[in-house]
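Step one of this worksheet: look at the structure below.
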There are 2 protein chains.
Amino acid sequence: MIHFDPNSVKPIYEQIVDQFIKLIGNQVLKPDEQLPSVRELASSVRINPNTIQRAYKLLESRNYIYSVPGKGNFVSPNQTVLSAEISRAEKRFKNSILELKKLGVGNSHIVELTHMTLKGVENHAKNTILE
Amino acid sequence: MIHFDPNSVKPIYEQIVDQFIKLIGNQVLKPDEQLPSVRELASSVRINPNTIQRAYKLLESRNYIYSVPGKGNFVSPNQTVLSAEISRAEKRFKNSILELKKLGVGNSHIVELTHMTLKGVENHAKNTILE
DNA sequence: CCACTGTACTATCTTTAATAGTACGGTTAA
DNA sequence: TTAACCGTACTATTAAAGATAGTACAGTGG
């Protein structure tokens, strides 16, 4: 189920995180389903439990899973996962707008740029500096 | 003119980069003006020339300055600096839109979010500037 | 109580980042 | 051409951060 490449440039715990994110995203792991325990998964892939724990901790901090001490780790409700991702993405989006404004890019250009990007238009070779 | 704190968490070359960005942004250093040479600045702040070179290299990669081997480092033309910054910001902006789309956020919501954010900026400005 | 669960803390090892030292190549003017 | 500037490339050393492991402690439920 879970595997990793010890020779990868990517740290093991990240490889594990990536796989769980996919499994959760594809609903292979369903909301409130229990994940393998830290030790169980650790021994099945022959790695230190702490590395698994680190992966789980990261997944929890991103709201993919929630943990109940003494019981186990569980997949978060669907809405939780999505809304957490979206709110992070929205925050980045807002920040990028503020950045543009700070650089003197006019509102109309920002709106235009938004529409172009949504349409998938790549060529926007217009004057970006003047409003 | 240039200074740094060796005990800062921020690496020295970054501290130097930050200062030059400000000086260039404020037009204290004007387009095509020559920067102190790597060795000159290094000895004046008592640091290794290579650290200064690294700062200059970074400034060059971001188009704040351009270098002419054998001659020196010079402030880039104004438009170059601005447009480079803007194009980087635009790229981040576009990526953040694509991220939102990937998460299933609808176009109309993205447009709305854009307007809200732009509005928020204006409101803030109006509150701080007496009108 | 026992066998599970997660968690916190520290230690070690590896990798990366930051800085320094040295040597090389271009430019300019005498 | 030579001397005194300039940037640049390369390698070595040191400092900091990151990844993993080992061990011990705490909650849960039969």
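Computed from a predicted model, the values in this text were never measured in an experiment.
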d(CG, A:Leu59; P, C:dT7) in whole Å = 12 Å

Using the closest heavy atom to pick a nucleotide of DNA chain D for each, name whichever of A:Pro69 or B:Pro69 lands nearer the 5' end.
-> B:Pro69

Is any side-chain N or O of A:Arg39 closer than 4.0 Å to OP1 or OP2 of C:dT5?
-> no

Side-chain atoms of A:Glu14 come closest, of D:dA21, D:dA19, C:dG6, to D:dA19

Report yes if at least one side-chain N or O of B:Asn73 is closer than 4.0 Å to OP1 or OP2 of D:dG7; otherwise report no.
-> yes

Reckon B:Tyr13 has a side-chain N or O less than 4.0 Å from the OP1 or OP2 of C:dA18?
-> yes

Going by heavy atoms in the side chains, are A:Tyr56 and A:Leu41 under 4.5 Å from each other?
-> yes

With respect to the phosphate group of D:dG29, does any side-chain polar atom (N or O) of A:Lys71 fall under 4.0 Å of OP1 or OP2?
-> yes

Return the value, rounded to whole Å, for the distance between atom CD of B:Gln53 and atom P of D:dC10.
-> 11 Å

Find the distance A:Lys10:NZ to D:dA19:P and express it as a whole number of Å.
-> 12 Å

So does A:Arg54 get a side-chain nitrogen or oxygen closer than 4.0 Å to the phosphate oxygens (OP1/OP2) of D:dA19?
-> yes

Run the salt-bridge test on A:Lys10 and A:Asp5 with the 4.0 Å N-O cut-off and return the result as yes or no.
-> no

A:Ser37 side-chain N/O to C:dC4 phosphate OP1/OP2 under 4.0 Å = no

Taking the six-membered ring for Trp, are the ring centroids of B:Phe93 and A:Phe93 within less than 6.0 Å of each other?
-> yes

Report the residue (A:Arg46 or B:Ser67) whose heavy-atom-nearest nucleotide on DNA chain D is the more 5′ of the two.
-> B:Ser67

Please determine, by modelled atom types, if B:Asn73 and B:Tyr64 share a side-chain donor-acceptor pair under 3.5 angstrom.
-> no

